[in-house]
Each structure stands twice: as structure tokens, then as C-alpha cells.
Number of protein chains: 2
Amino acid sequence: MNIAEVAKAAGLPAKTIRYYEDIGLIQPKRSENGYRAFAESDLHKLAFVGRARSLGFSIVECRALLALYEDRARASGDVKALAVTHLVQIRAKIVELRAMEATLADLVQACNGDHRPDCPILRGLSQPVSGDSQ
Amino acid sequence: MNIAEVAKAAGLPAKTIRYYEDIGLIQPKRSENGYRAFAESDLHKLAFVGRARSLGFSIVECRALLALYEDRARASGDVKALAVTHLVQIRAKIVELRAMEATLADLVQACNGDHRPDCPILRGLSQPVSGDSQ
DNA sequence: CTTGACGTTCCTGTCACTGGAACCCCCATA
DNA sequence: TATGGGGGTTCCAGTGACAGGAACGTCAAG
């Protein structure tokens, strides 16, 4: 398989696949003409990584997941530990974003949004955050 | 004021403040010895930007907010439009993260996390996502 | 033989900083 | 007067995960 076919099958841009080879996530063979010649196993790995990325795993984590995936003697506990760590990070990010959302929604709601200069949003940004005393 | 004092007051690292000068967010004067000499107005701007950044606004957005902040003839509608756009992005990000969280939580829950190699998490990552048919 | 779609490498840019090296300035103390 | 330490300065490189684009090679069809 050439790169375009694999890209379509794995749902990844060709650029990304070349990048993944660059950093050693996959090692496709080469045809005589110099083109990358992907095996089924390469495609599977790419799709695997694509799905892991879409769940927010970093490249480093994907590398570890891939190693576990290929290791038939792995312990599922190791996989779970990785996933739980990531899940905790996702949840922390959600909490952070929800705090931002709440504050910003308050400010937006207080602002008339008309042609006049008076603006609670700018006032809010120009004053110390409430609860900043600690 | 020297940079350390401003950094403390604004709650930003000195490195960040130098960077903000680099990209033109602030233009502090210089003392004869070459040190940055911050005015109160510089401090206010830095604190303003710091708070906007903590609400997730990008530097580009902060620059626009700062311009509106300094423009006494601004329309609050312009500020609100910026804030609403950003709020929409935050909410979209939250939705995305919640989807990740749900999928990942399912996988984690299905995994025993023991010493054996059988692992629903890896199985989930190695199979097409359900609902991928469209 | 040409054309156009594919493939290749390599370099640069993104975003918002952070770390570090190499150097300068100021004040206090021995 | 030397020196030591804690400021300050500039500039360069690295981060993460690619994306854009230039310049060039390859292949199949007409």
C-alpha cells in the first residue's frame, strides 16, 4: 500500500503518517522506487494510534500503548494505569474549562453588548479576581 | 518598578513579561542602566492580560481586548462579541473532552487491570470506533 | 512525449512560553 | 579595594504535534 491508501484507511493525513515514521512510531518498508510500502500491520498500528490520539493520549502515551499492544505478555494493569492517569488529566481539564466557562458566562451575561463603552467584561478583567485574597 | 516587583504584583513570571514586551503587548520605558522601568499602567495591563489568559483567551484575543480596554470610545458589543466567540470555543472543547472522558471511562471500567494480558482497553483501541459507519 | 497525480525530502511556522548560557549592574561586607 | 550575591540584560534552543510549501522524482494514461 502507498501512503495515500493507508492515509484514507487509517483516517490520518499523509503528513501525519510521515511524521509518525520520523519519530519512530512505525517503520514501513520501502519499495525500489523509494516509496513507502505499508504492510497491514503498519495500517493497524496507525489506526490504533489514531484512535488513541482521538481519545487525547499524547504521542508519548501512544508509544507506550503501542508497546503494550505488541507485547503479548503485557499485564492489563499496566494499560489500565496509563488510561486512568490520562482519564484523571481529562477530568482535571474539564474542571478547569468549566471554571473558565462559568466566569466568562457571568461576565458575558452582565454585558449589554451595545454601542456604549461601559462594559462589565472589561471591568471584570481589570479588577483582581474575587477570591484572590489567598 | 523593576521586573521582579511587577512579576510578583501581576502574578506572572519575569520571562513571560519580557515575552509580552517582545511581542508588543506592553512598552515599558528603560532606566539609564538598561533595566525595564515599569509604570503603574504597565502593571495594570499585565494584570489584565494575565486574567484574560487565565480565562483562556489567546494572545491575539488579549491584544484585541487590551485595545478595547484602552479605547474609551469602544462599543461594549465588540467586547461581548469577542467574549461570546471564546465562550463558544470553550464549550465546544468541554463537549469534546466529555466525549473522550465517557469513552475512556467505559474502557477503563471494563478492564480488570490485573497481571493477565487480556485487555478491553487495547481491544477497544484496535477496533473501529462504534458509530464509524457514517 | 507530455501531462497530471502521486510520491519524496527538507525547511519553516505554529503557540506561548521555558530553560539556559553568557554577560552586566548594584550594593554590602571583609 | 576586592568580592560575593542577587538582581538585571540579550540571545538561542526546545517544547508538541503536526501543517504548509518548495523543489524535485516517479508512474500510468492518452
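These numbers come from the heavy atoms of this one structure, side chains and all, not from hydrogens, waters or symmetry mates.
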Query raised in the report: Can you check the A:Leu46 CG to D:dC18 C1' distance for me, whole Å?
Result: 15 Å
Report task. Verify the contact: side-chain N or O of A:Thr16 to OP1 or OP2 of D:dA19, cut-off strictly under 4.0 Å; return yes or no. Result -> yes
Query raised in the report: With sugar-phosphate meaning primed atoms plus P, OP1 and OP2, does B:Phe57 contact a base, only sugar-phosphate, or nothing at under 4.0 Å between heavy atoms?
Result: nothing
Report summary line: Shortest non-hydrogen pair, A:Ile3 vs A:Arg36, comes out as CD1-CD, 4.4 Å
Report task. Measure the distance from CG on B:Asp22 to P on C:dC15 and round it to the nearest whole Å. Result -> 16 Å
Got a list of side-chain donor-acceptor pairs under 3.5 Å for residues 108-116 of chain A, not counting sequence neighbours?
unit_1   : atom_1 : unit_2   : atom_2 : d
A:Asp114 : OD1    : A:Arg116 : N      : 2.9
A:Asp114 : OD1    : B:Ser76  : OG     : 3.0
A:Asp114 : OD2    : A:Arg116 : NE     : 3.1
A:Asp114 : OD2    : A:Arg116 : NH2    : 2.6

Report summary line: Scoring nucleotides 8-16 of chain D by protein non-hydrogen atoms under 4.0 Å (B base, S sugar-phosphate only, - none) yields SBBB-----
Query - Set of residues satisfying side-chain hydrogen bond (donor to acceptor under 3.5 Å, both in side chains) with respect to A:Arg30, sequence neighbours excluded - result: A:Glu21
Query - Steps toward side chain to side chain contact (heavy atoms under 4.5 Å, CB included) verdict (B:Lys93, A:Lys93) - result: CA-CA 10 Å; B:Lys93 191 73 191 171; A:Lys93 191 72 190 173; 5.7 Å; no
Query - Residue-level proximity of residues 87-104 of chain A to DNA chain C when a heavy atom falls under 4.0 Å - result: none
Report task. Check whether any side-chain N or O of A:Asn33 sits under 4.0 Å from OP1 or OP2 of D:dC27, and answer yes or no. Result -> yes
Query raised in the report: Can you name the closest pair of heavy atoms from A:Phe57 and A:Leu82 and give their distance?
Result: CE2-O, 4.2 Å
Report task. Enter the inter-axis angle for the ends of the helix from C:dC1-D:dG30 to C:dA30-D:dT1 (five pairs per end, rounded to 10°). Result -> 40°
Query raised in the report: Does A:Arg74 reach the main-chain N or O of A:Tyr69 with its side chain, forming a donor-acceptor pair under 3.5 Å?
Result: yes
Report task. Please confirm whether the backbone N or O of B:Ala4 pairs with a side-chain atom of B:Asn2, one donor and one acceptor, at under 3.5 Å? Result -> no
Query raised in the report: Do the side-chain N or O atoms of B:Tyr20 get closer than 4.0 angstrom to the phosphate oxygens (OP1, OP2) of C:dC17?
Result: yes
**Report entry** B:Asp42 (side chain) donor-acceptor with B:Ala39 (main chain) under 3.5 angstrom
**Finding:** yes
Report task. Sequence neighbours left out, what passes side-chain hydrogen bond (donor to acceptor under 3.5 Å, both in side chains) with A:Arg98? Give chain and number order. Result -> none
Query raised in the report: Could you give the distance from CZ (B:Arg53) to CG (B:Leu12), rounded to the nearest 0.5 Å?
Result: 10.0 Å
Query raised in the report: Donor-acceptor pair, A:His86 side chain versus A:Leu55 backbone, under 3.5 Å?
Result: yes
